[in-house]
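What follows is one structure encoded as structure tokens, with my remarks underneath.
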Amino acid sequence: MTSERETSTHFGFSEVGLDEKQGLVDDVFHKVARRYDIMNDLMSGGMHRLWKDVFAAKVRPARRGPFRHLDVAGGTGDIAFRIARGAGPEAEIVVLDINGDMLDVGRDRAQERGLSDRLEFVQANAESLPFPDAHFDAYTIAFGIRNVPRIEVALAEAHRVLKPGGRFLCLEFSQVAIPGLDKIYEAYSFNVIPAIGKLVAGDGEPYRYLVESIQRFPRADEFERMIRRAGFRRTGFERLTGGVVAIHSGWKL
């Protein structure tokens, strides 16, 4: 967790300059962009597909009339594709990511699925969204908030671009809440995931960073307080799979 006055933050278990983190994160996702599904399958045992189904279903996009949705850090389109399938013909869905390689994957996948005309892909920073105030009906970010250098700034931007009555939804890895399972999960994460990453992708370090970034992310109740401090109300979170991940929610009222 950082504040705007701080000059350093964490990159996994390392301490780096605040202005360095984004470049380091970009390098990680440049390396894994074309193996994104494999990466998530390795880290979650394939469960990420079910988690994303549950997460996207909470958006409930309008089937009639206009609906503007922003999916942040969603370059490969996983969440946006699910939302597009449930939205009406007037829905505007923007996929935003700071990493151009991830967006390239998303554009290719959208074309394969016949969804290119329903999605707009934008390269930009979650901390400085290129949209006017009160523009979107819903904002999602899945497995991306922990990679943002200044989480509080990104949350403030999410609040700014949402319309009154708009909903913020975040899917993120969390802390296992079942005694015993937490130790098994930790051993799997630190020993198995980087090894398989090296075997499959030829480089285990990006996977080691992703595991470390999960460990450094705030606990679910602490992150909920951060969401409230950003101005959201009726906040809450739902743990899935024993707390391996959590879906956080808040409303701009």
Side-chain angles (χ1 to χ4, degrees), residues 1-29 40 43 48 51-52 55 58 70-75 79 94-99 102 122-131 133 136 138-162 166-175 206 209-240 243-252:
M1 187 168 61
T2 66
S3 74
E4 291 185 72
R5 292 187 299 273
E6 291 176 344
T7 58
S8 66
T9 186
H10 57 81
F11 176 75
F13 288 163
S14 302
E15 198 75 12
V16 299
L18 191 59
D19 57 352
E20 293 179 75
K21 179 171 179 175
Q22 192 62 67
L24 293 169
V25 170
D26 286 350
D27 186 56
V28 167
F29 284 93
N40 282 322
M43 294 185 71
H48 75 100
W51 296 334
K52 289 171 181 174
F55 178 65
K58 291 183 179 294
L70 176 63
D71 184 43
V72 175
I79 302 302
V94 177
V95 181
L96 183 141
D97 204 297
I98 198 169
N99 190 291
M102 299 288 278
V122 175
Q123 185 170 0
N125 193 324
E127 296 181 7
S128 181
L129 298 173
F131 307 109
D133 296 353
F136 292 98
Y139 172 118
T140 51
I141 182 167
F143 302 124
I145 196 76
R146 74 182 189 278
N147 298 312
V148 175
R150 298 180 297 173
I151 293 174
E152 296 96 332
V153 176
L155 291 173
E157 277 290 271
H159 188 272
R160 180 185 67 79
V161 300
L162 278 170
R167 192 177 190 187
F168 167 87
L169 285 162
C170 174
L171 172 64
E172 190 52 86
F173 285 106
S174 193
Q175 294 77 30
Y209 158 72
L210 292 166
V211 171
E212 291 177 357
S213 70
I214 293 168
Q215 293 289 316
R216 291 296 300 266
F217 191 69
R219 296 182 61 84
D221 55 351
E222 182 183 348
F223 185 52
E224 181 184 3
R225 288 193 290 271
M226 294 174 68
I227 294 170
R228 287 188 64 83
R229 286 197 296 269
F232 290 101
R233 296 296 177 260
R234 291 172 55 195
T235 60
F237 60 87
E238 175 186 357
R239 291 187 172 99
L240 303 180
V244 173
V245 300
I247 296 175
H248 288 266
S249 174
W251 297 83
K252 181 176 179 177

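Note that the numbering runs from 1 along the sequence shown for the chain. Both backbone and side-chain heavy atoms feed into the values below; hydrogens, waters and symmetry mates do not.
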Can a donor-acceptor pair be found, under 3.5 Å and without considering hydrogens, that links the side chain of [X] to the backbone of [Y]?
X	Y	value
Glu127	Ala154	no
Arg233	Arg228	yes
Gln175	Phe217	yes
Arg167	Lys58	yes

Practice prompt. Scan Asp97, Leu129, Leu96 and name whichever one has a side chain to side chain contact (heavy atoms under 4.5 Å, CB included) with Val122.
Written response: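 Among the candidates, only Leu96 passes.
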Worksheet entry | Pairing residues for Arg160 by the salt bridge (charged side-chain N to carboxylate O under 4.0 Å, His left out) criterion, not counting sequence neighbours |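 Expected list: Asp133, Glu157.
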Can you name the closest pair of heavy atoms from [X] and [Y] and give their distance?
X	Y	value
Phe223	Cys170	CE2-SG, 3.9 Å
Ala230	Ala156	CB-N, 4.2 Å
Ile141	Tyr139	CG2-CE2, 3.8 Å
Ala73	Gly144	CB-CA, 3.9 Å
Arg239	Ala220	NH2-CB, 4.1 Å
Gln123	Asn99	NE2-C, 4.2 Å

Between [atom1] of [X] and [atom2] of [Y], what distance do you get to the nearest 0.5 Å?
X	Y	atom1	atom2	result
Arg146	Ile214	CZ	CD1	4.5 Å
Thr140	Leu169	OG1	CG	7.0 Å
Met226	Ile151	CE	CD1	4.5 Å
Ile145	Phe173	CD1	CZ	15.0 Å
Leu171	Phe237	CG	CZ	14.0 Å

Worksheet item: Centroid-to-centroid, Phe232 to His159, below 6.0 Å?
Response: yes
Worksheet item: Considering only heavy atoms from C-beta outward, does the side chain of Lys52 approach that of Ile79 to under 4.5 Å?
Response: yes
Worksheet entry | Glu152 vs Arg229, salt bridge (charged side-chain N to carboxylate O under 4.0 Å, His left out): CA-CA, chis, key distance, verdict | CA-CA 8 Å; Glu152 296 96 332; Arg229 286 197 296 269; 5.5 Å; no
Worksheet entry | Results of ring-ring contact (aromatic ring centres under 6.0 Å, His included) for Phe55 - residues two or more places apart only |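 Counting only residues at least two positions away or on another chain, Phe55 forms no ring-ring contact (aromatic ring centres under 6.0 Å, His included).
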